[in-house]
Protein chains: 2
Amino acid sequence: MDTLENRELRYFVAVAEELHFGRAAERLGMAQPPLSRAIQQLERRLGVCLLERNRRGVRLTGAGEVLLHEGRAALDATAAAARRTRRAGGVDSPAGPRGRLVLAVKAAASHELLRKLLDAYAAEPDSAEIEVLPGGICEQEEQLRDGRADVALMYTPWNSLAGFDSEALTTEGQVAVLPAGHPLAARDTLSLAEVRDIPDLPLARWPTHGTYAPGPGPEIHNQTQLAQLIALGRTVAVVPDSARSWLWAEHTAVPLTDAPPVVTHIAWPAHSRSLALAGLIRTAARL
Amino acid sequence: MDTLENRELRYFVAVAEELHFGRAAERLGMAQPPLSRAIQQLERRLGVCLLERNRRGVRLTGAGEVLLHEGRAALDATAAAARRTRRAGGVDSPAGPRGRLVLAVKAAASHELLRKLLDAYAAEPDSAEIEVLPGGICEQEEQLRDGRADVALMYTPWNSLAGFDSEALTTEGQVAVLPAGHPLAARDTLSLAEVRDIPDLPLARWPTHGTYAPGPGPEIHNQTQLAQLIALGRTVAVVPDSARSWLWAEHTAVPLTDAPPVVTHIAWPAHSRSLALAGLIRTAARL
DNA sequence: GCCCTGTCATACCTGCCAGGTATCACCGCG
DNA sequence: CGCGGTGATACCTGGCAGGTATGACAGGGC
């Protein structure tokens, strides 16, 4: 029972995602027959049936589902190993733990906290260079997992902190953002139920891991688009308090009484040993 | 930049652990020259110097240290993928998420809680078969990481829950276990400082991840040995309250006032999606 | 019923690369 | 100054990853 190779995992993940040998082979830049054979070998090696081949297409078995999840995690881990090793060995001294840190943040987030953190950390002695990697709404988890980032700012309840170490930094409430002229904009507070049921003003939908939940509201891709749609009276959004900083004159923010609080965390891979990272975390915890 | 292969990681980890190409090659069951070449290729591929070759032996560079840690994690992840896939596809129905769950526990732990958990879970409808995997003091984390186990009972502050999801089950205090005749055995309570400084009765040392902290006390390998050494008046130990169940007549347990409480957690890999596991966790949380 | 199309599997070949053996270059040491 | 022990180099070879051609089989249009 020799350990399964990374190449086989890549192949299987491609097939499992495409559910089609031909397309998977194309995506992998190879011909279909060797791919078929490789998957068969993998199944024989594991002694497990991974795919159910119906004449028309392919379906995953239970074991296949498991391997898809675990295999993705394993591929992320090796990608992370490669990226972090490259980063550690870049141009700095061969043995020193000093280096660049990559900090993943939500591009849409207010940069008030980020600014404070970066300034405070830069003032520390022996601080490393911080590269800020702005990403989409839920991209931080992935970037942390596959090594594109060393540390991230994440926001519960949107991000999941599962699998990472983390430290809570700030908590804030949420507000509903309405068109300024809307009747409800005059209210002092609103409840989530009220916001969800405004006639002709459906709640905007944010992507979660690249996909949108079904619903009547428009699909939001970025903050400018959202601002525009609200100003036009086409939608209403629920955003954290700090988002008030980018509101327009055409917007009105009304505090929500029962929305879950948004907690900003600093998160990092669970077993990190970098001194630079430890320094950044310490700085963040003191803010 | 093609992704690095698993085989190369195994090779590098072996060399990094042995710090000697010859021994590493022997451990890998291969000749030394191909190993040398593989490591050179790896370094070229990553564009990073991993090892500092002095004429006498080898030393890790900073990047090498990073790759050793991250590479181990990646290898664990692929091993876990293989093991869990095999387990999922064993003999049960191809598509059903029903299967065996492997629960890692500390062999030395009291099985009162474990018994309750197993009984309660077995009484659930649709409960899966649970295989109990008794292990050493700190082995549970590793077993969870490399897929030998699906879920584990862990104990803070000894185990680290970093990287796992977990749920606290019970909290208990700690007691000092002394030879029955010892003068301090008559006390109602003791402090950690007092226990550490008993003349001629050094504190027993447990292994942490396979190694022992330096100190005067004896190195403990299992519970029977510890009981014996205490009964003989050669050592004193600090153990959780529930350990009273295995004490002998020659032992006396004295509650400690300032020892950190021991919390028993049920822990599992952060991204698990198994229904059987979810059921077990739900059962545990209700205990 | 037919053929056509789209699916994955099989058969067979070939070039590359992982790994083996033999040897070198270098250093420390008696 | 040879000797033992280190990692690196040179060269060869067999297995296997990957390609091409083709088969087996099912569904759908006519």
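Lettering of chains follows the sequences in order, A, B, ..., and the numbering in each one begins at 1. Computed from heavy atoms alone, side chains included, the values below leave out hydrogens, waters and symmetry copies. Here the structure is a predicted model, which means the values were calculated and not measured.
Side-chain nitrogen and oxygen atoms of B/Ser36 include at least one within less than 4.0 Å of the OP1 or OP2 phosphate oxygen of D/dA8.
B/Asn159 approaches B/Cys138 most closely through the heavy-atom pair ND2-CA, 4.0 Å.
By the 4.5 Å heavy-atom criterion applied to side chains, B/Arg53 and B/Ile39 are counted as neighbours. Residues B/Tyr11 and B/Met30 have side chains in contact (heavy-atom distance under 4.5 Å, counting atoms from C-beta outward). Side-chain contact between A/Ile220 and A/Ile137: absent, with no pair of heavy atoms (C-beta onward) separated by less than 4.5 Å.
One atom, CZ of A/Arg44, and another, P of C/dT10, lie 11 Å apart when rounded to the nearest Å. Remark: P of C/dC16 and CZ of B/Arg37 are 15 Å apart, rounded to the nearest angstrom. Atoms CD1 (A/Ile39) and C1' (C/dA9) sit 13 Å apart, rounded to a whole Å. A straight line from CG of B/Leu42 to P of C/dC17 spans 16 Å, rounded to a whole angstrom. Between the CG atom of A/Leu50 and the C1' atom of C/dC8 there is a distance of 16 Å, rounded to whole Å. Counting to the nearest Å, the C1' atom of D/dT6 and the CG atom of B/Leu51 are 14 Å from each other.
Heavy atoms of A/Glu5 sit nowhere under 4.0 angstrom from any nucleic acid atom. Using a 4.0 Å heavy-atom cutoff across all strands shown, A/Arg7 reaches sugar-phosphate atoms only and no base atom. Note on B/Gln40: only backbone sugar-phosphate atoms sit closer than 4.0 angstrom, heavy atoms only; bases stay farther off.
The B/Pro34 side chain lies nearest to C/dT21 when the options are C/dT21, D/dG18, D/dG7.
Sequence order on DNA chain D of the closest nucleotides to A/Tyr11 and B/Arg53 puts B/Arg53 first from the 5' end.
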